[in-house]
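I have placed the structure first, in the form of structure tokens, so that the comments after it can refer back to it.
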Amino acid sequence: MAQKPSIPQGTRDFGPKEVQKRKYILGKLEQAFRLSGFMPLETPSMENLTTLTGKYGDEGDQLLFKILNSGDYFKKLIEYNQRGLGHEEMDPTFLPSSSGKVADLDAKRSLPFLAEKGLRYDLTVPFARYVVMNRNQISFPFKRYQMQAVWRADRPQKGRYREFWQCDADVVGSDSLLYEAELIHIYDDAFSSLGLPVIIKLNNRKFLSALAKACGAANLLTPITIAIDKLDKIGLEMVLKELAEKGLNSEQINRIERFLQLPKTMDGAMAGLESICGEEEDFKTGKAELEAVLKFLGPNLNNTLELDLCLARGLSYYTGAIFEVQAATGSLKSSIGGGGRYDNLTGIFGLPGVSGVGISFGLDRIYDVLEELKLFPPSLSASPSRVLACHFDEAGRSYVLNACYQLRKAGIACEVYPDITRKIGKQLDYANALGIPFALIAGENEVNSSSFSLKNLVTGVQSSFKLEELIHHLLEN
RNA sequence: GUGGUUUUAGCUCAGUUGGUUAGAGCGCCUGAUUGUGGUUCAGGAGGUCGUCGGUUCGAGCCCGAUACUCCACCCCA
């Protein structure tokens, strides 16, 4: 019985046109990265689970794709469970089930027996892992870009896939704010070259921690930032409600409400912040950092740069600047890029005191936006061939095949219609379907006069050429 | 992980209270036109109705399960 083929939820095949469009985006991004001196890096699709777990919070751990161990992965688990606590070989994190049944085991504690590898969840953690492992070979500051797939066991919806590509540029080993400005310029350059107008949002985590400290709720920084981050989406009332649910009192909420209503202008926001948490050290350094970044940026951005004090971003390792990019138009409201400064990402792998800052582009979402706004160049939907060689008989086909070899030597992409047919219409239809702009036509007349007819399928103009003239004509048009 | 939603021809979609042989537009193939395409006209091919099971004399339609799509939470590129 033939099975109906399918692919896993949240994954996609990419046809020729889609691949060409994706590579076009990748090319533009790579160009922008390399223009600022970033070097390429690739890491394995799978990492050890110990590298990945605990880096993205409990939510993130649940979204990791785990890879089943090879061999009889159950055998060891069952043995450990039967021997019970206290055995000398016992893994200290492992707890046997009180019933002695495998079915009653704690899933989280048992996981290491079943899976020790997982698919990477982002490119930042593997990068940090790479930096730590290769610290002696790397010249700091180290600037790398990386464009690879990542996987999340999320439930798919619009703009959200289980396999998608991130394109990251990070700098580690320097706390210079020059790099914040450089990365913002990369965002600006890359989206300009794609013809996509965007809003680049900027904030500094230190403002948020200053706010939390001024409220006397430094321990609630994460819940506060998560709630604040939703302001655009759920509105002021709901944010305040969520804050109350997290256990903040009315005085604290009042202060946060004033924060949420601050003006978006640079001067206005800073003045307002001063009155809300001006005493906090984090505010002062945050303000100084922001001012320095703006100074380094200069005035030459093509896109809108917006200070958004409510921008928090989920990843908990950000400590300074935070970036997020949204398309200025189109239906996709979620971010198409994000990043920030993390003071101590490599610390967890045993290399403390190394500061990094990075940005990420979401290839798949950028694709969706460009597609919706029809911003891809039409040539990306066409065959690479510029010429389809058409013919009517065996002699014409050989004649035209030989010409094709000459065209290719001259760097002109071309191909020969494979079948012998008197129907030129069918051959021209094939060229049209593939978006090939020229038809080279040769029958008895052309063979006898050692010439070629070349038809421009866009304009309909047809003229006769000798081989040399043909090559020149194609190179010039 | 929770809740909802979608699935019928290559594509976009109709399909009445459950009733004979499941339709349309576009696309595709053939011919009018044996060496000139995108127009027109005529004809034609193409369906396990997502999958499995159930109810029924009878299921595209009703019921159950499952997968996929999309959406809202959660979170995020």
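Chain A is the first sequence line, chain B the second, and so forth, proteins listed ahead of strands; every chain is numbered from 1.
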Counting heavy atoms not belonging to A/K246, are there more than 12 under 6.0 Å from its NZ?
-> no
Whole Å only: how far is the OH atom of A/Y121 from the C1' atom of B/C76?
-> 6 Å
Verify whether the ring centers belonging to A/Y399 and A/H391 lie closer than 6.0 Å.
-> no
Respond yes when some side-chain nitrogen or oxygen of A/Q157 is under 4.0 Å from OP1 or OP2 of B/U69, and no when none is.
-> no
Pick the C1' atom in B/G50 and in B/U40, then give their distance to the nearest Å.
-> 39 Å
With respect to the phosphate group of B/C75, does any side-chain polar atom (N or O) of A/R313 fall under 4.0 Å of OP1 or OP2?
-> no
Around atom OH of A/Y430, are there more than 12 heavy atoms of other residues, nucleotides or ligands at under 6.0 Å?
-> no
Is the centre of the A/F38 ring less than 6.0 Å from the centre of the A/Y145 ring?
-> no
Separation of atom CE in A/M238 from atom C1' in B/C74, rounded to whole Å | 14 Å
When the P atoms of B/A24 and B/G44 are considered, how many whole Å apart are they?
-> 12 Å
Taking atom P of B/C73 as reference, at what distance in whole Å does atom CZ of A/R160 sit?
-> 10 Å
At under 4.0 Å between heavy atoms, which parts of nucleotides 32-37 of chain B does protein reach? Answer with one letter per nucleotide, 5' to 3': B base, S sugar-phosphate only, - none.
-> --SBBB
Could you check whether A/G60 gets within reach of a base, just the sugar-phosphate, or nothing at all, counting any heavy atom under 4.0 Å?
-> nothing
C1' atom, B/A59 versus B/G53: distance in rounded Å?
-> 13 Å
Considering only atom C1', compute the distance from B/C74 to B/G15 and round it to an integer number of Å.
-> 39 Å
According to a 3.5 Å limit on both distances, what stems of 3 or more consecutive Watson-Crick or G-U pairs are formed with RNA chain B?
-> B:1-4 with B:70-73, B:10-13 with B:23-26, B:28-32 with B:40-44, B:50-54 with B:62-66
CG on A/D189 to CG on A/N302, rounded to 0.5 Å | 7.5 Å
Take A/G362 and A/I234, find for each the nucleotide of RNA chain B with the closest heavy atom, and name the residue whose nucleotide sits nearer the 5' end.
-> A/I234
Below 4.5 Å, heavy atoms only, C-beta onward: do A/F191 and A/F361 meet side chain to side chain?
-> yes
With a 3.5 Å cut-off and just heavy-atom distances, do the side chain of A/R155 and the base of B/C76 make a donor-acceptor pair?
-> no
Less than 4.0 Å between a side-chain N and a carboxylate O, is that true for A/E371 and A/K21?
-> yes
Using the C1' atom in both, what is the distance from B/A72 to B/A65, to the nearest Å?
-> 24 Å
Does the ring centre of A/F207 sit less than 6.0 Å away from the ring centre of A/F259?
-> no
Atom NZ of A/K17 and atom P of B/G10: how far apart are they, to the nearest Å?
-> 18 Å
Sticking with atom P, work out how far B/C11 lies from B/A77, rounded to a whole angstrom.
-> 33 Å
With heavy atoms under 4.0 Å as the rule, sort A/S360 into base, sugar-phosphate or nothing.
-> nothing
Can you tell me how far P of B/C75 sits from OH of A/Y318, to the nearest Å?
-> 16 Å
Heavy atom of residues 336-344 of chain A under 4.0 Å from RNA chain B: which residues?
-> A/I336, A/G337
Is it the case that more than 12 heavy atoms not belonging to A/I348 sit under 6.0 Å from its CD1 atom?
-> no
P-based separation of B/G60 from B/G19 [nearest Å] | 10 Å
Think A/K426 has a side-chain N or O under 4.0 angstrom from the OP1 or OP2 of B/U30?
-> yes
B/C75 C1' sits how many Å from A/F164 CZ, rounded?
-> 11 Å
Would you say a side-chain N or O of A/Q9 is under 4.0 Å from OP1 or OP2 of B/U69?
-> yes
Indicate yes or no: at least one non-hydrogen side-chain atom of A/F349 is less than 4.5 angstrom from one of A/V131.
-> no
Count the heavy atoms of every other residue, nucleotide or ligand shown that sit under 6.0 Å from CG of A/N219, and state whether that count exceeds 12.
-> yes
Minimum side-chain heavy-atom gap A/R152-A/E163 below 4.5 Å = no
Ring centres under 6.0 angstrom apart (A/Y121, A/Y56) | yes
Whole angstrom value for the distance that separates C1' of B/C76 from CZ of A/F361 = 18 Å
Which whole number of Å gives the distance between the C1' atom of B/C73 and that of B/U5?
-> 15 Å
A/D229 CG to B/A77 C1', straight-line distance once rounded to whole Å | 14 Å
